[in-house]
Amino acid sequence: MADPQIPFLDLKRVLSFQRDALVEAATRVIDGGMFVLGENLAAFETRFARLCGVDAVIGVGNGLDALRLTLRAAIDGGRLARGDEVILPAHTFIATALAVSDCGLVPVFADCDPHTALAGVAEFDACRTPHTRAAIAVHLYGQLCEMPALQAWCAQHELLLFEDAAQAHGASLDGLQPGRFGLAAAYSFFPTKNLGALGDAGGVATCDPALAEQVRRLRNYGSTEKYIHTERGLNSRLDELQAALLLVRLQRFEAELAERRRLAARYREGLHHPLLQPLALRTDKPESHAWHLFVVRSPRRDALQAWLAGHGIGSQIHYPRPIHRQDAYRDTATRPLPHTEALCGEILSLPLFPGLTDAEQDRVIEACNAFPGQAG
Ligand SMILES: Cc1ncc(COP(=O)(O)O)c(C=O)c1O
């Protein structure tokens, strides 16, 4: 009998551990008859804020809106103005850039470190101009950026610092998590994320009370009192059903994070191949990485992906085309970003999710180590 396939990610398996509790939570919401801005959202916001060690979490419709509403709040609060330049890495999911341009700010794309794939002070400073007013640190793949250094750099140049923590739930540096370094951190609870809902959901984590209040109003039509609108807001609320499901998912969050770290350590221990290199760790502190994705780099990436597929192993590329090369941003002038462009042709994400068995992971490791390295 042929070996079973090993999926890149099996959400049915991830959720199977909590299926009964999820069904119960959904039933409670249906029977309760309250679907927007209710007690489940309030409870989730409180618990996730506690988990992140921040003063406030505001649940919104998705991760893109978490970024968008954060930037809008900074504009409405007079801390940013339309037309200001905001530096962000080109090697991230497009949502980071969409939030910037949607707010009438100007995205300036930075290169990344070729070893970690993260952008830090060196890359951001190369993009700084007299019009720069803010920077967005993206904790890509779950690994935290060099936040103390970025904080110092932002303070030196009077820039606002924001965080895109869509992939970094639970990662910390010296006991601090996203939302404690920048003015605010945007989280996504898209189903594939380390803390995933069963649909779209997002959150803004912050210790800035003015920004928290502003985001709270903006997500709800610019209103705190029914039919009274102090500003032109949006409709972007994390709904009761998703909040109730997220409260259930939170119960396993720490265990799943520990499992991600265990699986990542097994990959790092087991992978040995001259043409395949796991991305580097920025620090030797295991808590600074939440291992949303396990990414290797290979000059023969396409052949490696085909080889794994031939062995029934799923893999994905995060991301195959950097943002400055997307048609959506063809009108945005960009400096050359050699590390980003090289990386996009060489990275591959291997299966890593809670529920992946050691036997399955061993098969992935064996297949990788046996990669013949021929052109694909
Ligand atoms: C780095 C990053 N930023 C932002 C987002 C946007 O989140 P969402 O899909 O919830 O809008 C995502 C996830 O998709 C992401 O990976």
Side-chain angles (χ1 to χ4, degrees), residues 8-9 11 44 48 57-72 86-103 105 107 109-110 112 116-120 134-145 147 162-171 177-179 181-182 184-205 215 219 234-239 242-243 245-246 249 260 279 289-295 316-324 326 328-329 340 343-344 347 349 352-353:
F8 172 70
L9 169 63
L11 277 181
F44 174 70
F48 191 61
V57 164
I58 302 100
V60 299
N62 51 64
L64 170 57
D65 278 359
L67 287 161
R68 259 188 342 147
L69 293 181
T70 297
L71 295 173
R72 260 289 302 274
V86 178
I87 301 173
L88 69 152
H91 185 55
T92 173
F93 182 58
I94 195 156
T96 324
L98 291 176
V100 173
S101 31
D102 191 61
C103 288
L105 300 160
F109 297 115
C112 63
T116 61
L118 298 175
I136 306 179
V138 181
H139 306 303
L140 199 68
Y141 306 143
Q143 179 163 217
L144 294 192
C145 302
M147 296 316 290
F162 299 98
E163 298 173 78
D164 182 337
Q167 304 187 1
H169 316 64
Q177 294 179 54
F181 303 106
Y187 281 93
S188 165
F189 306 116
F190 186 72
T192 57
K193 297 295 194 276
N194 285 18
L195 179 63
L198 276 66
D200 278 313
V204 176
V215 170
R219 75 169 173 186
L234 296 140
N235 174 2
S236 184
R237 288 110 26 141
L238 198 173
D239 66 65
Q242 296 306 334
L245 298 170
L246 280 165
R249 297 286 295 120
R260 284 179 179 278
L279 288 184
H289 207 316
W291 293 106
H292 174 56
L293 295 170
F294 189 91
V295 179
Q316 290 189 12
I317 301 167
H318 300 92
Y319 299 92
R321 185 181 297 185
I323 299 178
H324 69 292
Q326 300 284 351
Y329 283 94
T340 296
L343 203 70
C344 288
I347 44 179
S349 309
L352 185 153
F353 57 90

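In each ligand, atom 1 is the first atom listed, and ligand 1 is the first ligand listed.
- Screening Leu69, Asp200, Leu238 against Val60 for a side-chain contact (heavy atoms from CB on, under 4.5 Å) leaves a single residue, Leu69.
- The shortest heavy-atom contact between Phe162 and Leu71 is CE1-CD2, 3.8 Å.
- For Tyr141 and His318, the ring centers sit 6.0 Å or farther from each other.
- Below 3.5 Å of separation, one finds no N or O of Ala95 facing any N or O of ligand 1.
- Gln242 pairs by the side chain to side chain donor-acceptor pair (under 3.5 Å) definition with nothing, not counting sequence neighbours.
- Of all protein heavy atoms, the one closest to atom 14 (O) of ligand 1 is Lys193 NZ, 3.1 Å.
- Taking the six-membered ring for Trp and thresholds of 30 and 60 degrees, Phe109 and His324 have ring planes inclined between 30 and 60 degrees apart.
- Within ligand 1, the atoms closer than 4.0 Å to a non-hydrogen atom of Phe93 are 2 (C), 5 (C), 12 (C), 13 (C), 14 (O), 15 (C), 16 (O), numbered from 1 in the order shown.
- Considering backbone and side-chain N/O of Thr92, none are found under 3.5 Å from N/O of ligand 1.
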Carefully, step by step, assess Leu234 and Asp65 under the rule side-chain contact (heavy atoms from CB on, under 4.5 Å).
CA-CA 9 Å; Leu234 296 140; Asp65 278 359; 5.7 Å; no
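- Interatomic distance, Thr92 OG1 to Leu118 CG, rounded to the nearest 0.5 Å: 10.5 Å.
- Shortest contact from atom 9 (O) of ligand 1 to any protein heavy atom: Ser188 OG, 4.0 Å.
- Of the protein's non-hydrogen atoms, Leu64 N, 2.9 Å is the one closest to atom 11 (O) of ligand 1.
- Distances below 4.0 Å separate heavy atoms of Tyr319 from the following atoms of ligand 1: 16 (O).
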Full working for side-chain contact (heavy atoms from CB on, under 4.5 Å) between Ile347 and His91:
CA-CA 11 Å; Ile347 44 179; His91 185 55; 3.5 Å; yes
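- Under the 6.0 Å cut-off for aromatic ring centres, Phe189 and Phe48 qualify, their centroids lying closer than that.
- Under 4.0 Å from ligand 1, not a single heavy atom of Tyr141 appears.
- Backbone and side-chain nitrogen or oxygen atoms of Asp200 are examined, and none is located within less than 3.5 angstrom of a nitrogen or oxygen of ligand 1.
- Closest protein heavy atom to atom 16 (O) of ligand 1: Gln167 NE2, 2.8 Å.
- Counting heavy atoms under 4.0 Å from ligand 1, residue Asp164 touches it through the side chain alone.
- What sits closest to atom 15 (C) of ligand 1 on the protein, heavy atoms only, is Ala166 CB, 3.5 Å.
- Close N/O approach between Gly63 and ligand 1 is found [any backbone or side-chain N/O within under 3.5 Å].
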